[in-house]
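Everything below concerns the one structure shown next.
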Amino acid sequence: MTKPQMISRDIARVALVLAILPTAVININYLIAASEGYVPWCVPYWDSCTSISATGQEGSAFFFFKSTMIPIAFIYLWYWKLADQALAETDHSPRTIANIGIIACVALICYTGALGAVGDSFRLVRRIGIIVFFTFTYLNQLLVLYQIHRRKLADPSR
Amino acid sequence: MQFALCLLILAIGVLTLSLEISLDNYDDYDDYEDAFEWILALLIHVNFLLAWWGWRTTTHSSASQG
């Protein structure tokens, strides 16, 4: 197996982990917070009864969220680094995807670190952190998709 | 498929912004904000699932090409 094939194989595995793990953590965290009475029982996807942040601010969910999301932030970083390597042969600006990934990862760590802390400045850190994380993660997903599309256009046999 | 999902995420993002701007009472928007957050988080991770499928297909096709 060639090096690009190995990177693609690794990146596929990491992408699967990132599809399952954070979604599971967020939902399990909600179940913990609701079972301890910190947030109401509902379907947050359409009842809009609680935010993701609110589920990780008190009780066991506070520790669960922090101890899982910070390692997951590094898995995101690993994914963007692999994506950057896999797409290195196309002529995108070197390390753009990895650098955007670093910003998203730092934002997620800041958000997770400020979770549960009292005060307006921590609230601001949480707000900026989650917006930057979502925006830059989405931006990187678009960028990867664009680079793959370009590569296919350049070499239709791929 | 992944491109369609990216467009959907963008549309939801634009919808949240336009709701925030257009609703006179901020509390009205506040009623929906949390649900948008949950849905966007879910969709971004569904995008990783589609990426897994895409990378997997790339590996298999390049391996079969030799």
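Quick note on labels: first sequence line is chain A, next is B, and so on, each numbered from 1.
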Against chain B, label [X] side chain, backbone, both or neither, depending on which of its atoms sit under 4.5 Å from a heavy atom there.
| X | value |
| --- | --- |
| A/I26 | both |
| A/Y79 | side chain |
| A/V43 | neither |

When the 4.5 angstrom heavy-atom criterion is applied to B/L10 and chain A, the contacting part is both
Exercise. State, with a plain yes or no, whether a side-chain heavy atom of A/Y76 is found less than 4.5 Å away from one of A/L18.
Key: yes
Does the side chain of B/L7 reach to within under 4.5 Å of the side chain of B/F3, using non-hydrogen atoms?
yes
* Asked: Would you say A/R126's side chain and A/A114's backbone share a donor-acceptor pair under 3.5 angstrom?
  -> yes
- Item | Heavy-atom donor-acceptor pair, A/T135 side chain to A/V132 backbone, under 3.5 Å | no
Checking heavy-atom separations under 4.5 Å from chain B, one finds in residues 50-59 of chain A A/T50, A/S51, A/I52, A/S53, A/T55
Q. Should A/D84 and A/K81 count as an ion pair when the cut-off is N to O under 4.0 Å?
A. no
_With a 4.0 Å cut-off on N to O distance, would you call B/E33 and A/R127 a salt bridge?_
yes
Check: Does the ring centre of A/W80 sit less than 6.0 Å away from the ring centre of A/F74?
Finding: no
Counting heavy-atom pairs under 4.5 angstrom with chain B, the leader among A/W46, A/Y146, A/F133, A/Y45 is A/Y45
A/T112 and A/K66 have their tightest heavy-atom pair at O-CE, 3.1 Å
